[in-house]
Amino acid sequence: MRKTFTQAAIVAVLFTASTVVAGNIWTIQTAPNPSGPTTGQPIAGGGAWITNKPQGYYIGRIMVGQRFNVQETSPANWHFGRAMDTVNMCGWTMPGSMATKVGSTSDSCSAATRSALFQRLTIGKNFSSAGNTYAVIGATATNCPFYYNYFYGTDYPNNEGAWANSVYGVNYTGRVDYRYQTRQGGAYVVRDANGIWGFMPSYCVALDHYGVFNDPD
């Protein structure tokens, strides 16, 4: 009996370890919008948002066909893990964004990283509304470069400045909704008139007012 128990215990430990440290790799498809007036429709710009927490702040985008290593899935089907291509960053991505399983790999986003990301002051400053609220500030962009991605890796704020994946291929002029500024100040996270979230240089976006917030979530 003692030998049988010991063998079973070893098997249990090995099984538990494998489920903790190995995640499935999926390719990304365009996700449906999880909220707002376009709920259920494909998100503007395609692919899938990377956010700091489920239904959280935009921190990047995984393009269609790129890979995401899923370490954890929330009850609402948000997925935590690593975006493996272009941005190489930890975060949460959207329900409905997983297309095809293409392999598995050891998990590389720690519990400490997951916890730190939940705090919005990790990723940015000068937010458009108080913690755990979602109002935006209107703004005008003038001849602004507009990119889906600005962060590379998850070492905030040292991961800033990695502009990638131009939205239109040309600069943007028009109205935008402002959400927050990156910690080093180089970029604003905005949503354009077509509903696309991304990053613009802070120098070319004028906020309608500067009633911003730096309280925690």
Side-chain angles (χ1 to χ4, degrees), residues 33-36 43-45 47-62 78 80 83 86-94 109 112-168 171-217:
N33 201 321
S35 62
I43 61 166
W49 305 330
I50 309 169
T51 59
N52 71 314
K53 58 185 175 181
Q55 204 81 350
Y57 294 94
Y58 181 96
I59 58 174
R61 187 178 301 244
I62 320 170
W78 286 80
F80 177 73
T86 304
V87 294
N88 188 33
M89 69 191 302
C90 300
W92 293 82
T93 197
M94 305 173 70
C109 297
T113 295
R114 179 184 179 278
S115 179
L117 282 173
F118 262 68
Q119 173 48 255
R120 70 179 188 170
L121 297 181
T122 297
I123 62 167
K125 64 182 180 180
N126 298 330
F127 291 85
S128 59
S129 60
N132 297 308
T133 64
Y134 302 100
V136 295
I137 296 174
T140 299
T142 303
N143 198 30
C144 276
F146 190 23
Y147 287 84
Y148 289 119
N149 288 299
Y150 178 74
F151 298 122
Y152 181 85
T154 319
D155 180 23
Y156 297 92
N158 299 316
N159 58 346
E160 296 187 22
W163 300 95
N165 306 118
S166 175
V167 175
Y168 297 117
N171 289 358
Y172 178 92
T173 295
R175 295 291 291 171
V176 296
D177 295 323
Y178 167 83
R179 195 66 182 98
Y180 71 90
Q181 186 176 23
T182 59
R183 283 173 57 187
Q184 291 186 356
Y188 286 164
V189 171
V190 301
R191 178 177 57 196
D192 78 354
N194 294 317
I196 295 175
W197 285 102
F199 298 87
M200 290 182 177
S202 53
Y203 65 76
C204 59
V205 180
L207 275 59
D208 291 351
H209 64 84
Y210 203 70
V212 295
F213 298 81
N214 285 292
D215 56 320
D217 283 334

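Given the structure is predicted, the values throughout are model-derived calculations rather than measurements.
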Exercise for the section: Could you pull out the closest heavy-atom pair between Ile59 and Tyr156, with the gap in Å? Expected result: CD1-OH, 3.5 Å

Problem - Closest contact, heavy atoms only, Cys144 versus Met200 - result: CB-SD, 3.7 Å

Problem - Side-chain donor or acceptor of Arg179 paired with backbone N/O of Phe127 under 3.5 Å - result: no

Practice task
Could you check if a side-chain atom of Pro54 sits within less than 4.5 angstrom of a side-chain atom of Pro34, using non-hydrogen atoms only?
Solution key: no

Handout entry: Identified ring-ring contact (aromatic ring centres under 6.0 Å, His included) counterpart of Phe199 within the set Phe151, Phe146, Tyr178
Key = Phe151

Exercise for the section: Would you name the heavy atoms of Tyr147 and Trp163 that are closest together and state the gap between them? Expected result: CD1-CE3, 3.5 Å

Exercise for the section: Could you check whether the rings of Phe80 and Trp92 sit parallel, tilted or perpendicular, using 30° and 60° as the cut-offs? Expected result: tilted

Problem - Exam field: side chain Thr93 to backbone Trp49, donor-acceptor pair closer than 3.5 Å - result: yes

Exercise for the section: Work out which heavy atom in Ser202 is nearest to a heavy atom in Gly185; give both atom names and the distance. Expected result: OG-O, 2.7 Å

Problem - Check: Asn143 main-chain N/O paired with Thr173 side-chain donor or acceptor under 3.5 Å - result: yes

Handout entry: Any side-chain heavy-atom pair of Arg175 and Asp208 under 4.5 Å
Key = yes

Handout entry: Tyr180 (side chain) donor-acceptor with Tyr58 (main chain) under 3.5 angstrom
Key = yes

Handout entry: Contact check, side chains of Gln55 and Tyr134, non-hydrogen atoms, under 4.5 Å
Key = no

Problem - Closest non-hydrogen atom pair, Lys125 against Thr182 - result: CE-O, 3.5 Å

Handout entry: Atom pair OG1/CG of Thr51 and Leu117 - distance to nearest 0.5 Å
Key = 9.0 Å

Exercise for the section: Look up atom CD1 in Ile50 and atom CE in Met89, then write down how far apart they are to the nearest 0.5 Å. Expected result: 5.0 Å

Handout entry: Heavy-atom check, side chain of Gln184 versus side chain of Asn158, under 4.5 Å
Key = yes

Handout entry: Nearest-0.5 Å distance that lies between atom CG in Asn52 and atom CD1 in Ile123
Key = 4.0 Å

Fill in the blank from the handout: OG1 of Thr142 to OH of Tyr172, rounded to nearest 0.5 Å, is 10.5 Å

Handout entry: Check: Gln119 side chain, Leu121 main-chain N or O, donor-acceptor pair, under 3.5 Å
Key = yes

Practice task
Please assess Asn33 against Met94 for the test side-chain contact (heavy atoms from CB on, under 4.5 Å), listing each intermediate value before the final yes or no.
Solution key: CA-CA 9 Å; Asn33 201 321; Met94 305 173 70; 5.6 Å; no

Handout entry: Tyr188 vs Leu207 side-chain heavy atoms within contact, under 4.5 Å
Key = yes

Practice task
Give a yes or no on whether the backbone of Thr122 and the side-chain of Arg183 come within a donor-acceptor separation of less than 3.5 Å.
Solution key: yes

Handout entry: Minimum side-chain heavy-atom gap Lys53-Asp217 below 4.5 Å
Key = yes

Practice task
Return yes if some donor-acceptor pair links the side-chain N/O of Ser128 with the main-chain N/O of Ala135 below 3.5 Å, else return no.
Solution key: yes

Practice task
Quick one: pull up CG in Asn214 and CD in Gln181 and give me the separation to the nearest 0.5 Å.
Solution key: 9.5 Å

Exercise for the section: For the residue pair Tyr168 and Asp192, confirm or rule out a side-chain donor-acceptor distance under 3.5 Å. Expected result: yes

Problem - Nearest non-hydrogen partners of Gly45 and Ile196, listed with the distance - result: N-CG1, 3.9 Å

Exercise for the section: Ignoring hydrogens and angles, tell me if any N or O in the side chain of Asn165 forms a donor-acceptor pair with the backbone of Asn149 under 3.5 Å. Expected result: no

Practice task
State, with a plain yes or no, whether a side-chain heavy atom of Tyr210 is found less than 4.5 Å away from one of Ile137.
Solution key: no

Handout entry: Pairwise distance OG(Ser166) to CG(Asn171) - rounded to 0.5 angstrom
Key = 8.0 Å

